[in-house]
Amino acid sequence: TDVIFSPRTLVQPDVVVVPLKDGTRPRTQAEAGKPVLAVEIVSPGSARTDRVRKRALYQRERVPEYWIVDPDARVIERWRPDDNRPEILVDRIIWQPAGAAEPMTIELAAFWEEVFGGATAR
């Protein structure tokens, strides 16, 4: 879906998480508001845009978390609004957005195993 920050600023992350609106999923982009998480799956053709342009935009717009998933390196780069460098996650990622009762944990070895079916890293 589109994430619209202004009439001239629109992005389409690969995955986006937005807060509930009155306890339910937002029905429109206007209801959705600012994401709490944006995720991009990096590829050779998108690396510069994902790591430079989109990262700067998400940080400027104060999106609490921006993840860059790098399938070739099998890492996730986690960016937060005030970060100068990403947190590089290789073992697990733990995410607990504001208001969540419990964190979501993704064990990255199992994640990559599911994605690649046990193929070795490139």
Side-chain angles (χ1 to χ4, degrees):
T1 187
D2 294 341
V3 174
I4 302 169
F5 291 112
S6 74
R8 296 179 53 139
T9 309
L10 175 145
V11 290
Q12 294 178 324
D14 294 318
V15 176
V16 63
V17 178
V18 297
L20 296 176
K21 176 82 172 164
D22 299 323
T24 62
R25 282 184 10 187
R27 291 185 304 260
T28 66
Q29 172 62 37
E31 281 184 2
K34 183 171 64 175
V36 293
L37 170 66
V39 181
E40 295 288 353
I41 313 301
V42 75
S43 68
S46 72
R48 179 166 172 69
T49 298
D50 294 341
R51 288 192 168 109
V52 178
R53 190 180 70 79
K54 286 186 175 182
R55 178 197 45 84
L57 172 66
Y58 291 126
Q59 286 185 298
R60 185 172 56 251
E61 293 294 334
R62 311 294 298 167
V63 173
E65 298 237 0
Y66 174 50
W67 300 352
I68 300 172
V69 178
D70 187 332
D72 288 337
R74 297 196 184 184
V75 300
I76 295 176
E77 301 172 21
R78 179 194 315 221
W79 288 90
R80 294 185 174 120
D82 296 321
D83 289 347
N84 292 317
R85 295 181 182 193
E87 179 181 2
I88 305 297
L89 302 162
V90 296
D91 297 321
R92 76 186 51 78
I93 189 162
I94 301 169
W95 180 55
Q96 186 168 8
E102 295 192 22
M104 175 186 76
T105 301
I106 301 171
E107 296 295 338
L108 294 177
F111 172 78
W112 297 122
E113 173 76 23
E114 187 172 327
V115 169
F116 293 110
T120 57
R122 294 181 217 171

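The structure displayed is predicted, hence computed values, not measured ones.
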Peer 1: List for me each residue that meets side-chain contact (heavy atoms from CB on, under 4.5 Å) alongside Ala47, sequence neighbours excluded, and say none if there are none.
Peer 2: Val42, Arg51
Peer 1: Partners of Glu87 by salt bridge (charged side-chain N to carboxylate O under 4.0 Å, His left out), sequence neighbours excluded?
Peer 2: Arg78, Arg80
Peer 1: Please find the pair of heavy atoms, one from Val75 and one from Val90, that lie closest to each other, and give the distance.
Peer 2: CG1-CG1, 3.4 Å
Peer 1: Show me, pair by pair, the donor-acceptor contacts under 3.5 angstrom made by side chains of residues 2-12, not counting sequence neighbours?
Peer 2:
from: Asp2; atom 1: OD1; to: Gln12; atom 2: NE2; distance (Å): 2.5
from: Ser6; atom 1: OG; to: Arg8; atom 2: N; distance (Å): 3.3
from: Ser6; atom 1: OG; to: Thr9; atom 2: N; distance (Å): 3.2
from: Ser6; atom 1: OG; to: Thr9; atom 2: OG1; distance (Å): 2.9

Peer 1: Are the side chains of Tyr66 and Leu57 in contact, using a 4.5 Å heavy-atom criterion?
Peer 2: no
Peer 1: Please check: side-chain N/O of Gln59 versus main-chain N/O of Trp79, any donor-acceptor pairing under 3.5 Å?
Peer 2: no
Peer 1: Could you list the residues that satisfy side-chain contact (heavy atoms from CB on, under 4.5 Å) with Pro81, not counting sequence neighbours?
Peer 2: Arg62
Peer 1: Quick one: are Val63 and Lys34 in side-chain contact, heavy atoms under 4.5 Å?
Peer 2: yes
Peer 1: Show every side-chain hydrogen bond (donor to acceptor under 3.5 Å, both in side chains) that has at least one partner inside residues 99-112, sequence neighbours left out.
Peer 2: Arg92-Glu107
Peer 1: Distance-only criterion, 3.5 Å: show the donor-acceptor pairs between side-chain atoms of residues 14-26 and protein atoms not counting sequence neighbours.
Peer 2:
from: Asp14; atom 1: OD2; to: Ile41; atom 2: N; distance (Å): 2.7
from: Thr24; atom 1: OG1; to: Lys21; atom 2: O; distance (Å): 3.1

Peer 1: For the hydrophobic clusters of this structure (ILVMFWY residues joined by side-chain heavy atoms under 4.5 Å, transitively), does one cluster hold both Ile93 and Val39?
Peer 2: yes
Peer 1: Between Ser46 and Ser43, do the side chains contain an N or O donor and an N or O acceptor separated by less than 3.5 Å?
Peer 2: yes
